[in-house]
Amino acid sequence: MSSTTTTAPNTSTNKPAPERGSRIIGGVANYIDERTSISGLVKEVGRKIFPDHWSFMLGEVALYSFVVVLLSGTFLTFFFQASMTEVVYNGSYVPLKGVAMSTALQSTLDISFDIRGGLFVRQIHHWAALLFVASVMLHMARVFFTGAFRKPRELNWVFGFLLWVLAMAEGFTGYSLPDDLLSGNGLRIIVGMIEGVPVIGVWIAYLLFGGEFPGTDIVGRLYTLHILLLPAILVAVLGVHLVLVVINKHTQFAGPGKTNENVVGVPILPAFAAKAGGFFFIVAGILALIASLFTINPIWNYGPYDPSPVSAGTQPDWYIGFADGALRLVPPHWEVVWFGYTVSFNILVPIAVLVGLIVAILMYPFLESWVTGDKREHHILDRPRNAPTRTAIGAAGITLYLSLMFAASSDIIATHFMVSIEHVIHVIQATTVLGPFIAFWITKRVCLALQKKDREIVLHGYESGRIVRLPHGEYIEVHEQLDEYERWKLLQFNEYKPLMIRPNAKGKITGLQKVRAGVSRFFFEDRIEPVSKAELEAAHAAHHGPDLEGGHQAPQVGPGDH
Ligand code: HEM
Ligand code: HEM
């Protein structure tokens with residue numbers, strides 16, 4: 001920095017004097033540095049290396065769409081009025097003129113029709129929110145399927161998990177703000193779920209709504225949550241999340257020169273930062289394009305909230321679908337009356353399934369490290385096929401999630417395909433219960449098959465489809481050998497075996513140990529052994545007839561030579 005700030009012309013060298021612009025920038029930088037010593041931090045963070053893989057972009061998309069949500073949300077706060085005081089609409093949307101509604105809905109209609117650029121920003125905010133949650137979940141899936149959550153990143157998985165829950169809470173509270181028919185119905189469902197909790201449910205609902213649903217307090221309360229409390233927590237947790245990405249360093253896929261001890265990629269300053277800056281504008285630009293072309297949440301079509309009507313074909317935002325769907329799948333008659341109290345299993349069972357799914361996501365890294373007994377640090381990512389049971393569990397989880405999500409669209413599926421809603425529900429009930437098991441089984445078999453294929457390729461090369469006749473008359477197919485990069489990729493993976501149970505100090509085997517060994521067998525009994533050095537040498541010797549490809553090297557054993 002200081003080199004650019006030299007003001008006296010240096011006559012002893014031939015270096016040209018710095019341009020006026022760079023002198024000013026350098027001067028400002030020096031001024032700030034002398035007062036904050038920030039250059040040390042910039043140097044330290046700027047030297048961090050960011051490896052290159054398309055899947056690492058998903059976290060970035062989450063970050064950039066969040067920035068767009070923050071900026072557009074701030075604009076909306078200038079005009080939105082979080083009040084449920086009743087007014088008569090008199091804005092420029094003619095069909096609603098003279099209709100009684102809350103100030104919240106009126107101000108949202110004003111944003112849409114009377115404030116310059118208002119509808120555009122509202123739509124950017126909503127589309128960016130949808131992209132934000134989608135990219136968060138895809139990012140979470142990439143972290144899961146590549147095993148990036150293993151030591152030392154389990155803690156960052158937990159912070160990430162909090163971000164996911166906060167993102168959904170932000171989405172739900174935002175969706176409920178305009179106080180239109182759709183948002184009111186969403187709240188009605190939540191109230192129903194809360195009231196379904198035995199003993200305390202009704203009290204909690206009263207506390208949240210300040211009395212009987214809907215009351216006049218809820219929009220104001222949700223507003224405080226939506227623009228103050230939740231974003232503040234989200235930004236704080238996100239800060240910790242990103243600091244941990246820097247502290248733990250980024251993971252990378254296996255390749256020559258990439259080890260558990262280094263990171264290969266571009267430094268954050270200047271290369272990655274420039275790329276990331278450009279990428280932010282691409283994300284923002286695409287969101288602006290979508291927002292200007294496609295309507296989202298046309299509240300003027302729904303009208304004000306009224307507890308009696310529910311319009312057909314309405315949908316929650318996609319990420320709330322799994323909760324709505326879970327409620328729709330349970331038979332309505334699952335209700336009993338005990339000691340004069342109604343216990344609604346038709347609400348408690350879906351709540352239990354949702355809580356179970358969410359807690360399983362939170363706990364997975366800890367469960368897996370308990371099962372493997374692996375206490376090492378992992379900075380090299382797994383290819384999903386090389387962790388078949390984990391990948392299969394992920395596929396089962398996604399199948400369950402998607403089944404629940406599609407259940408939230410059961411009425412739309414029924415009307416579009418002209419089938420009865422009961423049939424749609426029965427089919428989705430079946431995919432919800434059986435689908436995860438089927439997905440687990442198929443995924444595991446596919447992973448093991450792919451591992452077998454990799455093994456074949458490592459040992460015998462690719463089938464080239466070229467048949468050659470040897471001088472003594474024999475026909476053989478030429479196998480093309482792998483290059484070093486591919487071989488490295490295919491050979492590099494961890495090998496786990498089921499844990500052995502050993503008696504503890506008192507010579508006993510505890511029940512917990514038995515469970516652990518059982519789960520470990522479930523994970524690792526069925527596995528493909530990695531290629532050993534002996535096998536590679538044997539394969540090479542067996543294949544070494546005449547050298548048809550002009551001097552192929554014997555296969556080298558890569559880092560996965562266990
Ligand atoms: C507001 C939401 C989130 C944002 C903005 C965000 C952002 C990021 C970014 C930019 C990275 C580095 C680049 C990359 O690997 O993609 C990262 C890494 C990471 N994130 Fe997130 N994340 C979010 C949510 C989550 C969630 C929901 C999880 C998991 C439950 C998670 C777990 C992780 C982990 C474990 C890493 C380290 C990955 C590695 O080193 O390979 N994050 N995050
Ligand atoms: C991850 C964060 C956020 C998400 C997922 C989110 C999502 C949403 C959604 C879905 C709506 C309904 C939009 C519509 O009417 O169609 C909304 C409304 C709103 N949001 Fe956010 N939001 C987030 C953060 C923020 C922040 C940080 C602010 C303020 C600084 C904000 C301010 C508002 C306002 C004022 C409204 C009401 C206006 C309206 O409905 O058009 N939001 N938000």
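Note that the structure is a prediction, hence the values are computed from the model and not measured. Both counts, for ligands and for their atoms, begin at 1 and track the order of listing.
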Quick check on [X] - does any of its heavy atoms sit under 4.0 Å from an atom of ligand 1?
{"X": "W157", "answer": "yes"}
{"X": "H379", "answer": "no"}
{"X": "F56", "answer": "yes"}

Any donor-acceptor N or O pair under 3.5 Å, side chains [X], [Y]:
{"X": "S107", "Y": "D110", "value": "no"}
{"X": "H125", "Y": "Q123", "value": "no"}
{"X": "T391", "Y": "T443", "value": "no"}

Does any N/O atom on N156 come nearer than 3.5 Å to any N/O atom on ligand 1?
no

Check whether any N or O atom of R142, backbone or side chain, sits under 3.5 Å from an N or O atom of ligand 1, and answer yes or no.
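Yes - when backbone and side-chain N and O of R142 are compared with those of ligand 1, one distance drops under 3.5 Å.
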
Shortest protein contact, [atom] (heavy atom only):
{"atom": "atom 39 (C) of ligand 1", "result": "T251 OG1, 3.3 Å"}
{"atom": "atom 27 (C) of ligand 1", "result": "G160 O, 2.9 Å"}
{"atom": "atom 37 (C) of ligand 1", "result": "R153 CD, 3.9 Å"}
{"atom": "atom 41 (O) of ligand 2", "result": "R122 CG, 2.8 Å"}
{"atom": "atom 34 (C) of ligand 1", "result": "V143 CG2, 3.8 Å"}
{"atom": "atom 42 (N) of ligand 2", "result": "H226 NE2, 2.7 Å"}
{"atom": "atom 1 (C) of ligand 2", "result": "F132 CE2, 3.4 Å"}

Polar proximity ligand 2 side, T108 side, N/O cut 3.5 Å exclusive:
no

Within-cut-off N or O pair, N297 and ligand 2, under 3.5 Å:
yes

Heavy-atom contacts under 4.0 Å between [X] and ligand 1: side chain, backbone, both, or neither?
{"X": "L238", "answer": "side chain"}
{"X": "H139", "answer": "side chain"}
{"X": "F144", "answer": "neither"}
{"X": "H241", "answer": "side chain"}

For [Y], is there an ion pair with [X] - N to carboxylate O distance below 4.0 angstrom?
{"X": "D374", "Y": "K151", "answer": "no"}
{"X": "D52", "Y": "K275", "answer": "yes"}
{"X": "K489", "Y": "D454", "answer": "no"}

Do V88 and V99 make a side-chain contact, defined as non-hydrogen atoms from C-beta onward lying under 4.5 Å apart?
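Sidechains of V99 and V88: no contact.
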
Mind checking the OG1-CZ spacing from T251 to R150? Nearest 0.5 Å is all I need.
9.0 Å

Considering the heavy atoms of [X], write down every atom of ligand 1 situated less than 4.0 Å from one of them.
{"X": "M140", "result": "27 (C), 29 (C), 30 (C)"}
{"X": "W164", "result": "27 (C)"}
{"X": "A148", "result": "41 (O)"}
{"X": "V136", "result": "2 (C), 27 (C)"}
{"X": "F50", "result": "13 (C)"}

For atom 3 (C) of ligand 2, tell me which residue out of V69, I296, V121 has the closest non-hydrogen atom.
V69

[X] ring center near [Y] ring center (under 6.0 Å):
{"X": "F80", "Y": "Y223", "answer": "yes"}
{"X": "F79", "Y": "F75", "answer": "yes"}
{"X": "Y496", "Y": "F523", "answer": "no"}
{"X": "W300", "Y": "F113", "answer": "yes"}
{"X": "F66", "Y": "F280", "answer": "no"}
{"X": "F50", "Y": "H250", "answer": "yes"}

Which N, O or S atom name in H125 marks its closest approach to atom 21 (Fe) of ligand 2?
NE2

Contact check, Y223 vs ligand 2, heavy-atom distance below 4.0 Å
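Yes; Y223 lies near enough to ligand 2 that a heavy-atom distance drops under 4.0 Å.
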
Tell me which part of [X] gets within contact of ligand 2: side chain, backbone, both or neither, using heavy atoms under 4.0 Å.
{"X": "L177", "answer": "side chain"}
{"X": "T77", "answer": "both"}
{"X": "T74", "answer": "both"}

Give me the ring orientation class for H53 and F253: parallel if the planes are under 30° apart, tilted from 30 to 60°, perpendicular past 60°.
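Tilted, since the angle between the ring planes falls between 30° and 60°.
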
Atom indices of ligand 2 within 4.0 angstrom of P178 heavy atoms, with elements:
15 (O), 40 (O)

Atoms of ligand 2 close to F66 [distance to a heavy atom under 4.0 angstrom, numbered from 1]
1 (C)

Walk me through whether D180 and Y305 qualify under side chain to side chain contact (heavy atoms under 4.5 Å, CB included).
CA-CA 5 Å; D180 60 305; Y305 178 57; over 6 Å; no

